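Residue numbers begin at 1 in each chain, while the letters A, B, ... track the order of the sequences. Note that the structure is a prediction, hence the values are computed from the model and not measured.
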Number of protein chains: 2
Amino acid sequence: GTGVPTVGLGAFGSPAYGPEAALLVLAPLGAAGLSAFAAVQGVVVVVLLLLWLTFRRAIVAFPGNGGAYTIARDTLGDAGGLLAVVVLVLDYVLNVAVGISAGVAALVSAVPTLAPHRLALCLVVLAGLTLINLRGVLDAGRVFALPVYVFLASFAIVLVAGLVVVLSGNAEPLPSPAPSDPPGETSFWLAVLLAYAVACTGMTGVEAVSNSVDTFRDPAVRTARRALAAVVVVLAVFLAALAVLVPAFGVVAMPQTDAQYRSVLSGLAAAIAGQGALYYVCIGALLGVLVLSAHTSFVGLPGFFRLVAADGWLPRPFAVLGRRLVLTVGVLFLSGCAGALLGLFEGVTDRLVPLFAVAALSVFLLVQLGMTVHGLRVRRRVTSARAAARRATLLNIGVDVVGGLATGLALAVTMVAWFVQGVWILLVVAPALMGLLVAVRRYYATVDRELRDPGPLDLSDLSPPIVLVATEDRSRLTDKALAFALSVSPDVWAVHLAALEGPGSEEKERALREAWESDVEAPARAAGHRPPRLVTVGAPFRHVYAPLLDLVDRLSAQHPGRTIAVLTPEFVKQRWWQYPLHTLRARRMRSGLLAYGGARVVVMSVPWYLDDPDPERAARTTATLPSIAPVD
Amino acid sequence: GTGVPTVGLGAFGSPAYGPEAALLVLAPLGAAGLSAFAAVQGVVVVVLLLLWLTFRRAIVAFPGNGGAYTIARDTLGDAGGLLAVVVLVLDYVLNVAVGISAGVAALVSAVPTLAPHRLALCLVVLAGLTLINLRGVLDAGRVFALPVYVFLASFAIVLVAGLVVVLSGNAEPLPSPAPSDPPGETSFWLAVLLAYAVACTGMTGVEAVSNSVDTFRDPAVRTARRALAAVVVVLAVFLAALAVLVPAFGVVAMPQTDAQYRSVLSGLAAAIAGQGALYYVCIGALLGVLVLSAHTSFVGLPGFFRLVAADGWLPRPFAVLGRRLVLTVGVLFLSGCAGALLGLFEGVTDRLVPLFAVAALSVFLLVQLGMTVHGLRVRRRVTSARAAARRATLLNIGVDVVGGLATGLALAVTMVAWFVQGVWILLVVAPALMGLLVAVRRYYATVDRELRDPGPLDLSDLSPPIVLVATEDRSRLTDKALAFALSVSPDVWAVHLAALEGPGSEEKERALREAWESDVEAPARAAGHRPPRLVTVGAPFRHVYAPLLDLVDRLSAQHPGRTIAVLTPEFVKQRWWQYPLHTLRARRMRSGLLAYGGARVVVMSVPWYLDDPDPERAARTTATLPSIAPVD
Ligand SMILES: [K+]
Ligand SMILES: [K+]
Ligand SMILES: [K+]
Ligand SMILES: [K+]
Ligand SMILES: [K+]
Ligand SMILES: [K+]
């Protein structure tokens, strides 16, 4: 099963950008901002713990792989599911962009000479992830585990060391910057509110467990809950430690475009551990975890598309397991969108974080809303006699509602405050995506309406079809076709398409006619069958099936209600070099008749093999021997 | 009909390189070489007149479009026809290479600064011709006529003016070069022999008329003979005039790689007309005629391939009129081969001319041999009583034999003398080409043996097929398919491929089974039919048709001798955007069953249209309304 390292990948990188975004918003407040930062981080930890309680129950209530999508669909209806699809897609895309840009920020902090190449580095990493994922899903849990353990161990050492220094009163804070402007009361609280909103991206990724409950080792729900607990506890401790240590060591956030840019985690690690080996191990592991966290989107998207396609919101080929096409489309879609965002925001994490906050907070809010609805449903089912159970239900609903208010507040603040700086993009993309999903679903509904609910099989008209056999000349192949036609219907016409062959076509036709009576009609009569008629149809230059279509139309008019079956004898090409040696006429005829023949036409193909069919075929099918289970 | 300018294009350019090649061979002889040149040209004119007499009769005897190929095939048998195909292909290719390189030589003579770019210019012209001909055959007779008339008029003025000067005794020969070595008797006659051999390329192109008799205005044979006469007379006069004028004005040939290179025609024109406007008109028209003469190969090749394909030596798609594919293959083939030759011989005409001589002389020789055989056949049919007719036949045979000896001598000399310098290439390519043609023909013979001569239709077993209906779920489409199946056979199995759909597949199967008895079996029984059995086949991951193939094999084993028809219901995609919305399963199933199902399988497709079939289709077919002509 998927272990904590893999499932935690999406979450463990979050402290690299959530707290930093908040600190940057608070920077104008100077020293007051540092205390506010500690408070904001505290609130985020509380909201994270509320989310934990919600997700714990969600895993039990929706033990499939759906996550927010399944929850929203099953509790909030189609509209909720649709909204969930859109925000989850945005969440997947932004997780890639933010993970990569934060990873590059960590790298640049340690190797400042790379600073001018920030965007190029981001795009190189993205290209690498794209290529790896186009070649196939890389989901090697053990390979992933190593950087995660190194990351957790190295930061544990640094953070514990920092806490020891702080508790022993030996912290030497860096010179705290003076506030750029003495902030007024209003702008102080506004800054805190904005800081809280972006700080929420520090807890993104905890939803990953609920997206893949199925993949955990049995008993899946129990294992998943344990993994969730581990991820949440690690993340909460990490965020809480930052709440204490960042103000204590006076680490400041600076815009990523500064030439001397150093990320907050990098600054903190350097302040505590010095710029030695431990520092570089921390930064290297952080880079690895962030890039792998971007990679989790590539791993998750195809499965997500499959779920959505099974519900009819996406094209059905996406619902077929293991389709190469789906993987390719998904990877290129993710990569293209993330690349566009990285380019648009020049690979600067802090500019991307508000968009990520909107997407991730929407996911959280949908889960919390869904679980509230679910709680109300459960409560309705619980008999009033069981008071303790009713109280527990009420408490759960309370947790979901309070948590939802907290994430909803952060969501609303982010959308308003960063609307002009980029959130408007999401508000353009989301409805377009939604429109596309609705159009796809509506199309399938039309097809369904047309095809479903046939009622009992209607066998009122079982008259045999009129069979037209395409007869270029008489050969053992056309004879096989004629015999087959006579075995399924008494009404057989041999249709000779003249002039298709080019030179020699007239003599061919004459020869065909001369022998028809003796070699075809007479044997048919002798066998007690109505003899097949020979009909010549002028087939002008390049028109392979148009004359046949016309004949079909005329016969349809003469024999209303009867099916017209067109039978094409087909020489099967069993070797690559046979293709240039034969025309594709039979195949083109078949396609043309199917595409334009109308509902009354049925197309039949009688094959001819020069050699026995490919012997390798047998090996291939034996390997996948099907079980036949007749009904009776 | 095709006029003299178009059909003469191939021939009118020949005096640009044939005489020059001879003169270059004779250069070491000094002044003696100039007299020898006049004699050699005289012999070539005589051989040309003999060829004329042969071709005049060939046009009457073989009035189709075949030319050398048809003549050789019908008189010398398959081996002769095969040889004719190969030498005609080589002739087409070398006509392109020589025409372009001679055209560039004329251009470089007039604009010496272009001399270093000879090969590049050749390749640019070739690329231009290739692109024009890839876009479609350009056969605008009137556009072609203009440069031909300008060419004929301007050179007529120059040549007549030159003859006037010579006859008035005012010719001032350029200083005649001393022989590099005083030649011995043997080497003198050897040089003359070699000069004669390459001089024969001066009459190439006269065969063009015989290649396209069909395209002349009615009465085609008479018009073609007139056009042939005009082409031969113009060419003979041109070659004869050069025999007189080149020695009189002491024009010398020089290697094309010389920095001061000037072609013989260019030198002669300058010596007679001075380097004024007339000179530039002559050279411009000559360039145009030579490039257009290369173009005639591109025009002629597709039709030639069609003829050869109709006889089974080339893949049959080549025999279908107006196939875009054929044009493309032919153009790229010509262009690739000519480009390779130009590159290999650095665009130097004199190095290419011996190869051209081998190809063109082989064509001539085959025509002369063929017409000799034809003459002998005619003679056998002429009764001995008609003495005059017998004498005429004998005279004709004499012309063909003498002409054949002359071209055969030139051919043998060229092959020996220039073997190492390039003729060996033809002797490698020709057998390879021949082998390919023989392999293609042998393949068709195998197919024919397998398929032809079926004798009277064998209807000993007309038992209806076992019909397998691919049943994903019950819908109006599968009902239509089931009803059709029951109308052609009492033995119908509905085959449900499980697990193809991904999630939800099990419930689908259960629903299908539950309603089967009431909704399908009961109505079938009520209609007096054996009810269709429902069979579930496990279809693992990605295997669309393998399980069906396996079922077919098992049924074949249980019911030897019966045909198994597999019926796939198919949703017809009528709009481009429907393709990503549906799987291609029905199509892949059909292809897989046809490719691997074996001789006992028949594949049927029942279509379903969401909308009515494309209304434009009706318009398309009405435009090509076929005539139906039933036999009875
Ligand atoms: K994250
Ligand atoms: K996610
Ligand atoms: K995330
Ligand atoms: K020529
Ligand atoms: K030719
Ligand atoms: K020629």
* **B:D458 versus chain A, the contacting section by heavy-atom distance below 4.5 Å** => backbone
* So do the side chains of A:L459 and B:L486 get within less than 4.5 Å of each other, counting heavy atoms only? -> yes
* Structure fact -> Highest number of heavy-atom pairs under 4.5 Å with chain B among A:L593, A:V603, A:T563 belongs to A:V603
* **Min side-chain heavy-atom separation B:V488-A:P465 under 4.5 Å** => yes
* Is chain B contacted by the side chain of A:L567, its backbone, both, or neither, given a heavy-atom distance below 4.5 Å? -> neither
* Tell me, please, which residues at least two apart from A:T446 pass side chain to side chain contact (heavy atoms under 4.5 Å, CB included). => A:R449
* Say whether, by atom type as modelled, one donor and one acceptor occur between the side chain of A:K480 and the main chain of B:A599 under 3.5 angstrom. => yes
* Are side-chain heavy atoms of B:L451 and A:F571 found at a separation under 4.5 Å? -> yes
* Looking only at heavy atoms, what is the nearest atom pair of B:L594 and A:R590, with distance? -> CD1-NH1, 2.7 Å
* Asked: What closest approach, in Å, do A:P523 and B:L457 show between heavy atoms, and which atom pair accounts for it?
  -> CB-O, 3.4 Å
* Asked: Is chain A contacted by the side chain of B:A309, its backbone, both, or neither, given a heavy-atom distance below 4.5 Å?
  -> neither
* **Minimal non-hydrogen separation, B:R474 against A:P456, with atom names** => NH2-C, 3.9 Å
* Considering non-hydrogen atoms only, spot the tightest contact between B:D479 and A:G455 and give its length. => OD2-O, 4.0 Å
* How would you list, by chain and number, every residue that makes a side chain to side chain contact (heavy atoms under 4.5 Å, CB included) with B:R600, sequence neighbours excluded? -> B:S556
* What residue, out of A:V606, A:V447, A:L477, has the most heavy-atom pairs lying under 4.5 Å from chain B? -> A:V447
* To do: Identify the two heavy atoms, one from B:Y609 and one from A:E450, that lie closest to each other, and give their separation to 0.1 Å.
  => O-OE2, 3.8 Å
* To do: Could you tell me which portion of B:S463 (side chain, backbone, both or neither) has an atom closer than 4.5 angstrom to a non-hydrogen atom of chain A?
  => backbone
* Asked: Which bit of B:S489 comes within less than 4.5 Å of chain A, counting heavy atoms only: side chain, backbone, both or neither?
  -> neither
* Asked: B:P607 and A:V601: which non-hydrogen atoms are nearest, and at how many Å?
  -> CD-O, 2.9 Å
